[in-house]
Amino acid sequence: MSWKTLDEMDLDGKTVLCRVDINVPVENGRVTDTTRIDRIVPTVRDILAKGGKPMLIAHFGRPKGKVVDEMSLRQVLPALQAALGCKVQFIETLEGAETPTEEARAADVLLLENIRFHPGEEANDEDFAARLAGLGDIYCNDAFSAAHRAHASTEALARHLPACAGRLMQAELEALEAALGHPQRPVVAVVGGAKVSTKLDLLGNLVEKVDTLVIGGGMANTFLAAQGLNVGKSLCEHEMANTAREIMAKAGAAGCDILLPADVVVAGEFAAGAAHETVPAHACPEDRMILDAGAQSVARITAALDGAKTLIWNGPLGAFEIAPFDAATNAAARHAAELSRAGRLVSVAGGGDTVAALNKAGAAEDFTYISTAGGAFLEWMEGKTLPGVAALGG
Ligand code: AMP
């Protein structure tokens, strides 16, 4: 990793163009979840502490290069000021922004209007990036969740100014590096969720990097079916059978053990509290669907975790939204949380429903790191280069 952190930058008296993700949910003009805002606070505080002046650059929604009043970042201003505990001066237009107004000079923190109002942003336009660069002295990217997009404020701008990672970006990159870059072995990956077809690149990359791959959720059904087992009326992508066999062959060649459910919880319908029973994975009745992994499978997973030093997790092991089909996800997540709390496991999780599933299990707090970056987290786990990280020199 060759990117710089805020510690290595001289920020005294400098304006720091800081790309953040404050794309928070808003209802009736009020922010309903401040998580993303809360997570940028350390970066802003550290820039201020080093004598720098943060000029925050962010997107909000998808205005597609046009001014859309409902997507103005102005509505985020009160929540941002509350979280930062200081006045934030809103800069409505880039016209004349290179000469700060008196108010802008007096303010601690500046916030630019939705950067996606400008067509040059998503086009990763060099001239637009140069114009942005003219507004400050240093570039700090704290938006890991936007790093899989090559946009002017996430990619091109990094080449116009001395650049560094913000604290949240730094934490994400360090966690991902610990999980997949240079992990302590053995490494176990847990991959669950609905479909194999949405996680092909992920599975393909993981079998080459991890020692054990636990496959759960609806996608495990596709693997079971590919081995000739009857999965009844379970969610299953029968047309992916060849792909599943290829993944298993690739795993075998790479020395990665694949752990499929040995027993499964089956029910007649996808509904909370549906009548259910646990059967061996080869004995799913024709008129039943698999909705969770059974107790024996959970015991195998927890045993694999006991022998591991690192865990990377994406996707639930069953239909976690509807009890009792959340049992395997809860049990495995709580076991991982316990091992992490005891300092025996480095556990990193993220992507899609995973954060919700681990929160529901009450396990999220004890995981070493939970990424809320969604698409960027998955692309990183797929082994792809993230333009926003590459531009920082990472
Ligand atoms: P994903 O977005 O791919 O991570 O998939 C998450 C979804 O997969 C959740 O909504 C789960 O309810 C669903 N899921 C997990 N296991 C099963 C299963 N055995 N049958 C049907 N849906 C499942």
Side-chain angles (χ1 to χ4, degrees), residues 189-206 213-227 229-238 240 243-244 247 259-298 301 311-333 348-361 363-364 370-382:
V190 172
V191 179
K195 293 179 168 179
V196 176
S197 52
T198 59
K199 299 200 176 165
L200 277 181
D201 291 343
L202 177 64
L203 294 169
N205 186 42
L206 287 179
L213 172 63
V214 174
I215 299 180
M219 61 195 289
N221 303 338
T222 302
F223 280 84
L224 294 175
Q227 291 184 308
L229 305 189
N230 186 357
V231 295
K233 52 177 196 161
S234 302
L235 174 67
C236 179
E237 294 169 288
H238 290 283
M240 298 297 289
T243 308
I247 291 169
L259 216 58
L260 283 169
D263 58 346
V264 289
V265 182
V266 298
E269 53 175 341
F270 188 102
H276 59 279
E277 59 180 325
T278 301
V279 298
H282 59 77
C284 175
E286 200 63 60
D287 61 346
R288 296 291 155 91
M289 60 178 75
I290 300 171
L291 289 180
D292 200 11
Q296 206 188 322
S297 308
V298 171
I301 296 169
L311 165 68
I312 185 146
W313 185 323
N314 170 259
L317 293 174
F320 79 98
E321 304 95 332
I322 47 170
F325 309 107
D326 54 352
T329 303
N330 288 345
V348 176
D353 279 341
T354 314
V355 184
L358 298 185
N359 276 327
K360 193 164 169 286
I370 303 263
S371 171
T372 48
F377 175 82
L378 278 177
E379 287 199 22
W380 200 93
M381 287 231 299
E382 288 166 357

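Indexing begins at 1, ligand by ligand and atom by atom, following the structure's order.
Remark: Leu200 CG to Ile247 CD1 distance equals 5.5 Å, nearest 0.5 Å. With rounding to the nearest 0.5 Å, the separation of CE in Met219 from CG in Leu203 is 4.0 Å. To the nearest 0.5 Å, atoms CD1 (Ile290) and CG (Leu224) are separated by 5.5 Å.
Among all non-hydrogen protein atoms, the one lying nearest atom 23 (C) of ligand 1 is Gly218 N, 4.1 Å. At the top of the distance list for atom 2 (O) of ligand 1, counting protein heavy atoms only, stands Asp353 OD2, 3.9 Å. The protein atom (non-hydrogen) at minimum distance from atom 4 (O) of ligand 1 is Lys199 NZ, 3.1 Å. For atom 12 (O) of ligand 1, the nearest non-hydrogen atom of the protein is Glu321 OE1, 2.6 Å.
Between the Asp326 side chain and the Glu321 main chain, no donor and acceptor come within less than 3.5 Å of each other. Looking at Thr354, its side chain does come within 3.5 Å of a backbone N or O of Gly315 through a donor-acceptor pair.
For Phe325, no heavy-atom contact with ligand 1 is shorter than 4.0 Å. When non-hydrogen atoms are compared, ligand 1 lies under 4.0 Å from the side chain of Leu235 (C-beta onward) but not from its backbone. Under 4.0 Å from ligand 1, not a single heavy atom of Met219 appears.
Proximity to Ala194 (heavy-atom distance under 4.0 Å) selects the following atoms of ligand 1: 1 (P), 3 (O), 5 (O), 6 (C), 8 (O). Which parts of ligand 1 touch Gly318 is read off a 4.0 Å heavy-atom cut-off, strictly below it: atoms 11 (C), 14 (N), 15 (C), 16 (N). Of all the atoms in ligand 1, the ones that sit under 4.0 Å from a non-hydrogen atom of Ile290 are 18 (C), 19 (N), 20 (N). For ligand 1, the atoms sitting less than 4.0 Å from at least one non-hydrogen atom of Gly193 are 1 (P), 3 (O), 4 (O), 5 (O), 6 (C), 8 (O), numbered in the order shown with element in parentheses.
Between Lys199 and Asn314, the side chains place a donor N or O and an acceptor N or O closer than 3.5 Å (distance only, hydrogens not considered). Using modelled atom types, one finds a donor on one side chain and an acceptor on the other under 3.5 Å when comparing Asp263 with Ser297.
Here Asp287 does not pair with Lys233 in a salt bridge; the nearest charged N to carboxylate O distance is not below 4.0 Å.
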